[in-house]
Every structure is written in structure tokens, then in C-alpha cells.
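Just below is one structure, and these are the notes that go with it.
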Amino acid sequence: MIRSNLLNFIVTLLFIGMWLSIGSDPEDFLFIFFNEKSVFKNIFEMSWGDFINLSRSLFPSICLIVCLFIIINFKIHRKHYNYIYILLSIQFIQLITTILSNGTIVSEFEILIDHIGRYHWIISSLSTILIFMIASKLENFGKEKLFYISIVFLSFIVIFFSYKIIKDFFNFEINFSNVPVYNLNVWRDSAFFFNHEIPRITGLSRSILFLLIILIFIQYKSDKYFKITKNLLIIFLGSLIFLFQSKFAVILLMILYTFYFFNYKNKFEGFSKIIILIVLQITLFLLISNYKFYLIDHNYKNNYKITENFINKEKFILQLDNDSFIRESANNVPDKNEKKRNFAEKHLRKINNIDFLNLDFLDHILLSGRVGLWLDSIDFIKERPILGYGSMSDRIIVNQKRLVSESKLILNPISNAFLYSLLSGGIFCLILLILFFITIRKKYLNIFNFSSLNKYQHKIGILILLVISMRVLVENSFMLFGIDFILLLNSLYLTEKK
């Protein structure tokens, strides 16, 4: 073990920097090299916002260099957990396959700046892994410290971006269609922060769920003010999940409450509290949603106007999106002569008319059309089963029709970590991903004696691992750098006995 206050400070700063770099775009620093002007002129002429984005996108590379220097200098590359070496190997395979992806179908749709940018996510993941490797070798650096930093950033993300989305929900210039939060126009100007897209509803719901896990099981004080504040926050955050209507997040919320129930020694008390929580959360969700429609019906509906040109533009986007992955709302434009809408039309996300006896219904209701994406990827996997197409290649492979269009459209990820591993790194990457889950299998066994776990950090770590492990079925999750990846590493170390 290494005793160094300076290293403790450096690791803390590096970890904070990696949180700040989430959502950064490599193009924010690559453009200075591809612009006709000189590099220094490009830097000095940029705005403060662009400079912040430049710093965020550069930080993972700087972090990687610093971490490698520390590891080599202090010789701390040995005796780490096996799952750490597996995660490192996954990133190295993706690095190799990205280099070798030139000449594939991916390179037909990307320019040089985009290809270079794909390495950004690999570098970010490697940097984060190295931070945890260094932290584990510091004598006076508790594994909980990085976890508490994550809680701070997770709280900010949930509070700030939930506020922005709810504000847009009540903004009649944005939510012109009077639709549920889930169906807000993804191209609205306020859906960007520092010129980058804010988290989508599904991603934000995931963050809320993680924060709920932490709030439910964290132990700080036993006084009544802490408990009251904690319960009020749980009610509010739960109502946001119902308001945002990410289907998988709602399912995971019910699973979370199941563990909450088994955590109680008095089962009747636990069951009663969970029922009360759910009722209060749904009630608050309906109050927020109904208040919006109250304002519409009494103050704005007869006076609100929308230009025909903008409506046509929204409908054009809908027509291009044959698979209903972009959920816009132009078809729900309010009309003062329209009949009153029923409960589902007012408060629930739009569901297309699909035959209930058809398998497509199950795909649409539970998987939001992901099965179509998965099936489309099979042919490409067959073409390069050994090497794959490199990091982030799924955005190109499953979105070719949208790439050839000049319209601004969402490029959907493959939304399955196992298929993504095949597309990005081939069969070897998939084997490593499966091996990773086999390696951490003992951690999942703690689920069966969950109530007997003594440390609340251990309980939180187990549940976050469980949520992430379920998310890999419907999202790329920790196969790409982001919140899932950081919290995965947090949870892995939290659940270690030593």
C-alpha cells in the first residue's frame, strides 16, 4: 500500500474530472486541428462555453497519461481483482477493432474526425479503470470516498436536468402538443446543455433509480428530521419515474421495492410503507400532470397558436421515423374544438395501435422497438464475427437509412450490451463480457441474504450491480463510458469484503 496525501488529492481530482467529462464530445477539441485557422487562433477565439467543452473532452486523455505515469512509477499494476483485468481487456479489444474498422461499412459513413473521436470513449473508460486501480493501492484512501463523490454528481444530474425537463413540460412554447413528459420534442433548444444533448428520459430515469437506491438504504442519522427529509425525497424521486414513464425504470422500481420489503424485519410494516410510498408517488405524478392540463384548459388553450410550417416539420420527422424510435408529438397539436382526451391520452406516453395478439405488441410495450434493431444487427455480425466494427459502430450500422438523410435524426444505439460487444469487438469481446459476469457471480449471491448484510454500502452496491446487470439487456450500459460505467466500478469495490 502507498501512503501519500498528494496521490490521494490527485486521484480525487482525476475522479471529479472524469465525472465532469461525461457527455463530452471529442469533436470539441478535434475541430481545432481540422479547422483552416491555426490551433492557437481557434482556441483564443472560442467562447467560454466552447472552452469548457474543450477542457471536458481533453480531460480523459490527460487523465490517462497521469494515471499511467503513477502506475508505472509506483509499480501498482499487479494484484488487482480479476474483473478489473477483464474490463481492461474489453477496452483493448475495442481499441484494436476500431483501428481495424477502416474499410468496413462503418468507414463509408464516417469522416476522419468521427473515426478519431471513437477512441475518446475507450480512453475515458481506461482512465476511469486506472483511477480505481490506483485508489485501491492507497493506504488512507477509503473505497467509500469515490462513492460519495459519485453521489454528489448523481444528485446534481438528477436535480438539474429533472428541473429542466419539468420546466419544459410546463412551457407552452415548447410543449405545444400538451403531451406527457416522455413525448417532449427531443430537438427543442432547451434540450441542450453547453451545446450538448441533455440526458434523455430513459437515462435520467436510470439516474433517479440509482439515487433512490442510495436514499432508501443510506444510514446517516437517526433523528426524525433526517428521516422526514429522506422520505420526502424518496416520494418525489419515485413520482418522477412515474412522470417520465421509462418502462424499464418503472419495472426496476418495483424490483427495488421488493428488496426494500425483504429488508424489513417486520414484513407487515415494510409492506404497508411500500404501498403508501407507491400511492403517494403516483398521486404526486398525477397532480403534476393534471396541473399542466388545468392551465391549458383554463388559460392558454384558446389563445395558443402554432405556425403551420413548424407543425409540418415535426410531421416530416415522424414520417421518416417508420419504427417509432423518435417519439415526437406533432400529431397531438391541441385544437379548441377537439373532444376531451381520456386519462391515457393525457397522462401516459403515446402507444401506437398494434395488434395485442401480435409479438410486435410485446416488443413495443416492453422493449420500445428494440427487437427490430437487434434483428437488423445480426447480418452485420455475421460479416465480421471475429473482429467486429470497433467502438460506437452500432450508431452507424443500425442507422444507415437515417445517415443518408439530410434531416436531423436520432442515431439509435443497439441497446443491448451483448450485441454491442459483438458489433464493437467481435466474439472475443462477447466472451470477455460473459466471463466478467461469471467472475462477479458471488456478488449476486448476496441477493439471497440481502437483509442480513451489515453495511448499507454493501446493500447499495449489490442493488446497483443488479440494476446495471439488468440494464445490459436493453441498453449498451457499461460497455461505453458513462454513469453506468462509473457506478459499476463504485459498486464492485463497495461490495468487496476488504
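Because the structure is predicted, anything quoted here is derived from the model rather than measured. All residue numbers refer to positions in the sequence shown, counting from 1.
Note that OG of S162 and CG of L211 are 9.5 Å apart. Values are rounded to the nearest 0.5 Å. Interatomic distance, CG of L465 versus CZ of F478, reported as 9.5 Å (0.5 Å rounding). Here L95 contributes atom CG and I90 contributes atom CD1; the two are 14.0 Å apart, rounded to the nearest 0.5 Å. Within the model, atoms CD1 of I123 and OG of S391 stand 10.0 Å from one another, a figure rounded to the nearest 0.5 Å. Note that CD1 of I149 and CD of E144 are 12.0 Å apart. Values are rounded to the nearest 0.5 Å. Within the model, atoms OG of S377 and CG of D394 stand 9.0 Å from one another, a figure rounded to the nearest 0.5 Å.
Proximity of F59 to L14: side-chain heavy atoms (C-beta onward) are separated by under 4.5 Å at one or more points. At a threshold of 4.5 Å between non-hydrogen side-chain atoms, the residues I483 and S207 count as touching. Side chains of I166 and L243 form a contact here, defined as non-hydrogen atoms less than 4.5 Å apart. Between E475 and N416, every side-chain heavy-atom pair lies at or beyond the 4.5 Å cut-off. Looking at L7 and F74, their side chains come closer than 4.5 Å, going by heavy atoms from C-beta outward. For the pair D25/N53, no side-chain contact is recorded, criterion being any heavy-atom separation below 4.5 Å from C-beta on. In this structure, N446 and H458 have side chains that are in contact, with non-hydrogen atoms separated by less than 4.5 Å. Considering only heavy atoms from C-beta on, F259 comes within 4.5 Å of I255 through its side chain.
Open room surrounds CZ on F236; 12 or fewer heavy atoms of other groups in view lie less than 6.0 Å from it. The 12-atom threshold is exceeded at CG of N73, counting heavy atoms of other residues, nucleotides or ligands nearer than 6.0 Å.
Closest of all the heavy-atom pairs between A249 and L209 is O-CD1, 4.2 Å. Nearest approach of Q94 to M479, heavy atoms of both residues: NE2-CE, 3.5 Å. Shortest non-hydrogen contact noted between R471 and D484 is NE-OD2, 2.9 Å. Minimum heavy-atom separation, R384 to L100: NH2-O, 3.5 Å. The two atoms that bring L492 and K443 nearest to each other are O-NZ, 3.2 Å, heavy atoms only. Residues Y85 and K79 come closest through the heavy atom pair OH-N, 3.3 Å.
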Check against side-chain contact (heavy atoms from CB on, under 4.5 Å), I198 and F160: CA-CA 10 Å; I198 66 173; F160 181 77; over 6 Å; no

Please assess L126 against F481 for the test side-chain contact (heavy atoms from CB on, under 4.5 Å), listing each intermediate value before the final yes or no. CA-CA 9 Å; L126 286 172; F481 172 74; over 6 Å; no

Applying ring-ring contact (aromatic ring centres under 6.0 Å, His included) to Y81 and Y493, what does each step give before you reach the verdict? CA-CA 9 Å; Y81 300 113; Y493 278 92; 5.7 Å; yes

Any chance you could lay out the side-chain contact (heavy atoms from CB on, under 4.5 Å) test for I468 and F485, step after step, and finish with the verdict? CA-CA 9 Å; I468 292 175; F485 190 81; over 6 Å; no

With side-chain contact (heavy atoms from CB on, under 4.5 Å) as the criterion, how do F147 and I460 come out once you've worked through the C-alpha distance, each side chain's angles and the decisive distance to 0.1 Å? CA-CA 10 Å; F147 174 65; I460 291 171; 3.7 Å; yes

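Under 3.5 Å, the side chains of S24 and H120 contain a donor-acceptor pair of N or O atoms. For the 3.5 Å distance criterion, the side chains of R118 and S101 qualify, holding a donor opposite an acceptor. Judged by distance alone, the side chains of Y420 and S393 never bring a donor and an acceptor atom under 3.5 Å apart. Counted by atom type alone, T439 and N82 present zero donor-acceptor pairs between their side chains at under 3.5 Å.
Aromatic rings of F217 and F450 (six-membered ring for Trp) have centroids within the 6.0 Å cut-off, being under it. Taking the centre of each ring, Y264 and Y260 come in below the 6.0 Å mark. A centroid separation of less than 6.0 Å is found between the aromatic rings of F132 and F15.
The backbone N or O of S415 sits less than 3.5 Å from a side-chain atom of N476, completing a donor-acceptor pair. Within the 3.5 Å criterion, the main-chain N or O of L20 finds a donor-acceptor partner in the side chain of R56. The main-chain N or O of I201 is found under 3.5 Å from a side-chain atom of S205 such that the two form a donor-acceptor pair. A donor-acceptor pair under 3.5 Å links the side-chain atoms of K230 to the main chain of I216, judged by distance alone.
Ring pair F437/F418 is tilted by interplanar angle, where 30° to 60° counts as tilted.
Across I386, L387, I381, a single residue satisfies side chain to side chain contact (heavy atoms under 4.5 Å, CB included) together with I427, and that is I386.
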